[in-house]
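One-based numbering, in listed order, for ligands and for the atoms of each.
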Amino acid sequence: MASKPKILVTKLLFSAARAVLDKTGEIDYWAGPEAIPRAELLKRVADKDALVCLLNDKIDAELLAAGPQLRIVATVSVGYDNIDVPACTARKVIATNTPGVLDDTTADLAWALMLAIARRLVEGDAWVRSGNWRGFSMDHLLGADVYGKTLGIIGFGRIGRCVAKRGLGFGMRVLYSGSKRAPVDVEKELNAEFVEQDRLFNESDFVSLHVPLNPQTRHLISKENLEKMKRTAFLINTSRGPVVDEEALAEALENKIIAGAALDVFEHEPKINPKLTARRDAILAPHIGSATVETRTRMMVLAAQNVAAFFDGRTPPNALNKDALGLK
Ligand code: GLV
């Protein structure tokens, strides 16, 4: 490429990531406080060679047609359900994500949600601030123990395993299910048992979701599966909102089918089902699983490095369609 590559970035990046991209090409940053509007994205991508996007930017056939020069699309997220990867491959566009740099941070949030819902921390905070608290009481805001309970992890990839690792310190029995069994040494190290999903639902005190969103996992948490859970169990979701059927969840909470839910992701972000906002047995967080300064910096830098690698003539380290495009 004779002239400098033109790169569209849909969010102002931290300086460490900007430094990488500034050396690579000519950058057009969307600097608005809100996500870039679709029409603006389609307009700005028209003359771009690369796109660095967020998980709420939909990268589909329409977008790719609007950016006929695009060679690489880098999402600053590990989940890439926002990208139609086969559509990218069809246009010979490389798609990349940011795996491996947010596992512990996301696991920390899953645990924060688990502890907060079990110990009614958000309710307690609201109570103290309300001015109604009259001092220690033996039977106020009684929650559930976490220590020594059974933790069920659905999806035992990098993040699921980090969640399991924390369970060791809490003396928990860890069950997991997923599309494939982990190596025996991993199971041993994490004291985790591979079980059928139904058994996981039946026996877990906490069910934590760590699957990618795809046609197999959409509405995995259905009315039917919620009914398999213990009445005392809690659901934790830091994966993707549509993995949970929110109507079914709201109904299960209403009917005391399960004890509570702590959610960081929602079916129609940023819209929240009003049946959930009305509930005290649900904690609702604004998709902050990876939201620490350190981890968001790592994610941005990794996305920028993928783009830089491509324009350097190398295969981006996190190319999702590497094999489909026949890249080494
Ligand atoms: C966040 O949700 C991510 O996929 O990185």
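Salt bridge present: R173 and E203 bring a charged side-chain N and a carboxylate O closer than 4.0 Å. Using a cutoff of 4.0 Å between basic side-chain nitrogens and carboxylate oxygens, E227 and K223 are scored as salt-bridged. We find that E254 and R279 are joined by a salt bridge, their nearest charged nitrogen and carboxylate oxygen being less than 4.0 Å apart.
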Can I get a per-line list of side-chain donor-acceptor pairs under 3.5 Å for residues 50-65, giving both atom names and the distance, sequence neighbours left out?
residue : atom : partner : partner atom : Å
D57     : OD2  : T10     : OG1          : 2.6
D57     : OD2  : L54     : N            : 2.8
D60     : OD1  : R38     : NH2          : 2.7
D60     : OD1  : E62     : N            : 3.4
D60     : OD1  : L63     : N            : 3.0
D60     : OD2  : R38     : NH2          : 3.2
E62     : OE1  : R38     : NE           : 3.4
E62     : OE1  : R38     : NH2          : 2.8

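Legend: ring pair (Phe, Tyr, Trp, His ring centres under 6.0 Å) pairs involving residues 13-58, not counting sequence neighbours: none detected.
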In a simple table, one pair per line, please give the protein and ligand 1 atom names for every N or O pair closer than 3.5 Å, along with the distance.
residue  : atom  : partner : partner atom : Å
ligand 1 : 2 (O) : R240    : NH1          : 2.7
ligand 1 : 2 (O) : H287    : NE2          : 2.7
ligand 1 : 4 (O) : V78     : N            : 3.3
ligand 1 : 4 (O) : G79     : N            : 2.8
ligand 1 : 4 (O) : R240    : NH1          : 3.4
ligand 1 : 4 (O) : R240    : NH2          : 2.8
ligand 1 : 5 (O) : V78     : N            : 2.8

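Listed by chain and number, the residues in a side-chain contact (heavy atoms from CB on, under 4.5 Å) with P317 are N306, A309 (sequence neighbours excluded).
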